[in-house]
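Notes to accompany the following structure.
Heavy atoms only: backbone and side chains are in, while hydrogens, waters and symmetry mates are out.
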2 protein chains.
Amino acid sequence: MAPGTEGPASAAYFPTLAAERLDIALCRASAAVARATEARAHALGLGVGQHLVLKMLAAVGPRSQRVLSDELRIDRSVMVGLCDSLEQAGLVRRERAAGDRRAYAVTLTDAGRQRLAHAEEAVPALLDDAFQALTPAERDRLSALLGKLLRPAP
Amino acid sequence: MAPGTEGPASAAYFPTLAAERLDIALCRASAAVARATEARAHALGLGVGQHLVLKMLAAVGPRSQRVLSDELRIDRSVMVGLCDSLEQAGLVRRERAAGDRRAYAVTLTDAGRQRLAHAEEAVPALLDDAFQALTPAERDRLSALLGKLLRPAP
DNA sequence: TATTGTTATACTCTATAACTATA
DNA sequence: TATAGTTATAGAGTATAACAATA
């Protein structure tokens with residue numbers, strides 16, 4: 001075999017790389033998980049962003065698009081389209097906020113609550129699929145580590 | 001304050017969300033780390049992909065673009081531009097592979113080796129910055145978990 | 001003047017499919 | 001026919017800036 005093209009010698013390289021560069025490992029793992037969940041998530045009929053909005057509204061009650069954007073770390077201009085699609089599907093209503101006529105109070109409808117419940121049922125299976133390489137205990141540890149990474153420095 | 005727009009009550013929502021959806025936490029953590037490393041990585045004058053190619057060539061010797069693509073999980077069509085830029089900067093040479101005139105043997109130059117060494121020096125600081133929320137022991141644990149997630153099922 | 005929602009623009013990634021020259 | 005490298009195109013996602021209505 002010609003020099004520069006032999007295979008087996010390089011086949012073991014990637015794991016080494018991933019171990020050395022935590023930032024790259026994180027990026028690749030995220031992409032791999034996203035690919036794994038994509039199909040299942042799409043089957044729910046709810047995009048991730050849409051799901052997040054419904055979930056937050058269910059947890060904290062009606063909020064403005066601005067608050068949803070800030071809290072979910074989704075850009076205001078993206079939130080517009082998200083709320084558009086949810087409203088069109090009848091899952092939220094855009095009520096006018098009582099004290100500020102610039103803002104909406106994005107409100108979960110009964111249909112939205114039902115759809116969310118249905119989606120939430122499917123989440124554990126979705127996660128099981130994507131994280132089958134990890135035991136439940138390992139998933140908890142990963143969750144704790146990521147949580148620490150995401151939380152702004154106290 | 002008007003209903004639907006009060007702030008503090010919802011400010012604690014995101015951490016809860018991240019804890020429940022491991023896939024989303026992973027995605028957000030990856031994005032946060034990428035943002036944190038972006039500035040420093042750019043200062044190195046080497047993109048992540050360029051860095052990966054140099055690093056792999058240094059580790060395993062001259063390889064074809066195909067092998068680099070497969071091993072680094074970078075699409076062939078992207079690898080073209082990566083090698084273009086590296087060649088233009090004088091960091092690699094595209095030598096013809098001895099036994100297969102379709103393929104190159106992408107080869108690290110001395111300048112490439114130097115540039116890589118310089119970049120590698122900066123990596124620890126780059127990672128320290130992005131992962132300052134985690135102790136060294138926690139980083140090791142995260143690395144191990146991500147490695148398990150990335151390794152194809154044995 | 002600052003803010004909420006909206007729209008438009010641009011730019012980066014990625015995926016895909018062709019095409020060439022070799023095998 | 002299959003593979004290595006290349007090119008072109010289209011789509012998703014994101015960042016940015018502008019704008020109208022309101023504060």
Length of the line joining [X]:[atom1] and [N]:[atom2], which is rounded to integer Å:
X     : N      : atom1 : atom2 : result
A:L82 : C:dT7  : CG    : P     : 14 Å
B:L72 : C:dT14 : CG    : P     : 13 Å
B:E38 : C:dC11 : CD    : C1'   : 13 Å
A:I74 : C:dG5  : CD1   : C1'   : 16 Å
A:R63 : C:dG5  : CZ    : P     : 13 Å

Distance test, side-chain N/O of A:Y104 to OP1/OP2 of C:dT3, below 4.0 Å: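 Checking C:dT3 against A:Y104, no side-chain N or O comes under 4.0 Å of OP1 or OP2.
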
Pairs meeting criterion salt bridge (charged side-chain N to carboxylate O under 4.0 Å, His left out) with involvement of residues 108-125 of chain A, two or more places apart: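 Every salt bridge (charged side-chain N to carboxylate O under 4.0 Å, His left out) pair that includes a residue of residues 108-125 of chain A, provided the two are not neighbours, is A:K55-A:E120.
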
Exam field: side chain [X] to backbone [Y], donor-acceptor pair closer than 3.5 Å:
X      : Y      : result
B:R139 : B:F131 : yes
A:S69  : A:Q65  : yes
A:R73  : A:E71  : yes

Between CG on residue A:D23 and CD on residue B:E38, distance to nearest 0.5 Å: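 Answer rounded to 0.5 Å: 12.0 Å.
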
Audit row: A:V123, B:E20, side chain to side chain contact (heavy atoms under 4.5 Å, CB included) steps and yes/no: CA-CA 10 Å; A:V123 167; B:E20 286 179 22; over 6 Å; no

Sugar-phosphate only, base, or nothing, as touched by B:R94 at under 4.0 Å among non-hydrogen atoms: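 Here B:R94 touches the backbone only, sparing every base.
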
Nucleotides 13-23 of chain D: protein proximity per nucleotide (B base, S sugar-phosphate only, - neither; heavy atom, under 4.0 Å): ---B----BBS

